[in-house]
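If you're wondering where the values come from, they're calculated on a predicted model, not measured in any experiment.
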Amino acid sequence: MYSRIAGTGRYLPEKVLTNFDLERMVDTSDEWIRTRTGIERRHIAAEDQTTSDLALEASRRALEAAGIEASDIDLIVVGTTTPDQLFPNVACLLQDKLGIGGMPAIAVEAACSGFLYALSTADKFVRLGEARRALVVGAETLSRITDWKSRDTCVLFGDGAGAVVLEASETPGILATRLGADGHFKDILYVPTGVSRRKPPPGETADQTIQMRGNEVFKVAVKKLGGIAEDILERTGTPKSELDWLIPHQANIRIIQATAKRLEIPMDRVVLTVQDHGNTSAASVPMALDVAIRDGRVQRGQMVLLEGFGGGLTWGAALLRY
Ligand code: ACO
């Protein structure tokens, strides 16, 4: 038994913050942001909009694309780093908003790899016969943990949600998923405080906002993304030349270009959406997948590699035949 993608959806909040808007907020320029990151604009959730609201909109679109009702779902897995509240978890809140109940509702916290972690989890349930139709979501309101006074980070992040309906199938589908993490890198990309740790650690003054040593993250990202892609291709006996599409985490165009080069995939077979919404963490991969399916680039039967990388550090990949 395999799981296959039956439908996808995405949602971006209405409010758009351009690079030119940011020029008025911090000492930066459109030129710097575009050349260093590829980002042109990002979307920001309204004050009363939470992560589960964004997830709901993306989920409705994915359910519609799959041609099923919310009540047909028997598993919900949501990847997020920015939950609405401590508990109930975002998957439970989404379940309530969809008007369904009873099935497991799992929230996965793996920063920007959150969707890959969620997808891999749901895939196991489907393969084991414990779920027939799973709703898998990546959703974030990163604007709530962004330091809007710091040009080092505030130009990078945005809000959004992407969703996928997985269904059981006798033909693939998801061929393999690979996940990895290395907690030793906990100090290069992190939020200093949270629930159990309420005060910043000694020597640190930062608050509940994203802190990052960008250069170091960049180097590890390129290495790990290239490595995990090669690993999943090797394990499944798939030559690089058989890949139709690479859909990577949308954090920085230069990381994406470096990964594509290592995999010998030309950029016209890489889905790029970072310019339109910046780094939306767990939401970026399912949103990019949805864009490429809806605009007709990703066709049924094609081979697609999804990849994520984020705080933890964590990383993940999924190889699938769409
Ligand atoms: N505008 C103008 N100048 C800036 C800005 C800005 N927004 N930010 C930094 N600078 C300056 C720096 O101060 C520095 O100035 P200096 O040379 O006078 O000291 C100069 O630009 C170069 O800074 P670098 O940090 O070396 O720039 P770099 O080319 O490395 O780009 C960036 C920085 C974009 C952050 C890059 O390192 C990057 O993308 N890293 C990866 C981040 C990432 O992918 N994170 C993903 C995970 S996020 C998650 O998991 C939640």
Side-chain angles (χ1 to χ4, degrees), residues 22 26-28 32-33 35-39 42 79-83 108-118 138 140-159 178-231 248-262 274 277-285 306-317:
L22 282 167
V26 289
D27 180 14
T28 190
W32 191 97
I33 302 170
T35 50
R36 301 286 179 131
T37 72
I39 300 166
R42 64 289 292 143
T80 189
T81 316
T82 45
V108 180
E109 192 193 327
C112 302
S113 313
F115 178 74
L116 270 309
Y117 270 63
E140 302 280 9
T141 45
L142 285 188
S143 60
R144 306 278 153 76
I145 54 164
T146 297
D147 178 355
W148 291 103
K149 292 193 181 77
S150 165
R151 71 173 184 176
D152 292 341
T153 50
C154 79
V155 301
L156 303 174
F157 302 108
D159 302 335
R178 298 289 296 160
L179 302 176
D182 191 340
H184 291 112
F185 290 110
K186 66 185 190 304
D187 297 328
I188 68 171
L189 180 56
Y190 61 101
V191 173
T193 59
V195 179
S196 175
R197 183 201 265 170
R198 291 180 171 218
K199 286 186 191 150
E204 176 124 40
T205 52
D207 56 1
Q208 199 164 358
T209 54
I210 301 166
Q211 309 296 311
M212 183 174 72
R213 299 214 291 267
N215 267 316
E216 288 173 56
V217 175
F218 193 104
K219 283 182 209 143
V220 190
V222 172
K223 199 166 153 221
K224 294 295 179 192
L225 285 170
I228 196 168
E230 281 167 355
D231 179 47
H249 172 44
Q250 308 285 320
N252 183 312
I253 194 171
R254 292 186 295 140
I255 296 179
I256 295 173
Q257 286 164 336
T259 311
K261 193 171 168 199
R262 177 162 167 185
V274 68
H277 49 64
N279 182 348
T280 56
S281 188
S284 94
V285 173
L306 310 178
E307 281 202 310
F309 178 88
L313 296 174
T314 56
W315 52 90

Q) Taking Asn279 for the side chain and Asn252 for the main chain, is one N or O donor matched with an acceptor at less than 3.5 Å? A) no
Q) For the residue pair Leu179 and Tyr117, what are the closest heavy atoms and their distance? A) CD2-CD1, 3.7 Å
(Q) Which heavy atom of Gly316 sits nearest to which heavy atom of Ser113, and what is that distance? (A) N-OG, 4.3 Å
Q) Step by step, would you call Gln250 with Ile256 a side chain to side chain contact (heavy atoms under 4.5 Å, CB included)? A) CA-CA 8 Å; Gln250 308 285 320; Ile256 295 173; 3.7 Å; yes
Q) Is there any side chain to side chain donor-acceptor pair (under 3.5 Å) pair reaching into residues 183-196, and which pairs are they, with sequence neighbours excluded? A) Asp182-His184, Tyr190-Glu204
Q. Considering all heavy atoms of both residues, which atom of Asp159 and which atom of Leu142 are nearest to each other, and what is their separation?
A. OD1-N, 2.8 Å
Q. If every non-hydrogen atom of Thr146 is compared with every non-hydrogen atom of Cys154, which pair is closest and at what distance?
A. CG2-CA, 3.6 Å
Q) Shortest non-hydrogen contact from Arg42 to Phe157? A) CG-O, 3.3 Å
Q: Check the pair Phe115, Ser284 against side chain to side chain contact (heavy atoms under 4.5 Å, CB included), reporting the backbone distance first and the verdict last.
A: CA-CA 8 Å; Phe115 178 74; Ser284 94; over 6 Å; no
Q. With no hydrogens and no angle check, is any side-chain donor or acceptor of Glu140 less than 3.5 Å from a backbone partner on Thr82?
A. yes
Q: Please name the pair of heavy atoms, one in Val155 and one in Leu22, separated by the smallest distance, quoted to 0.1 Å.
A: CA-CD1, 3.8 Å
Q. Can you tell me if Arg151 uses its side chain to pair, donor with acceptor, with the backbone of Thr28 under 3.5 Å?
A. no
Q) For Thr209 and Gln211, does a side-chain donor sit closer than 3.5 Å to a side-chain acceptor? A) yes
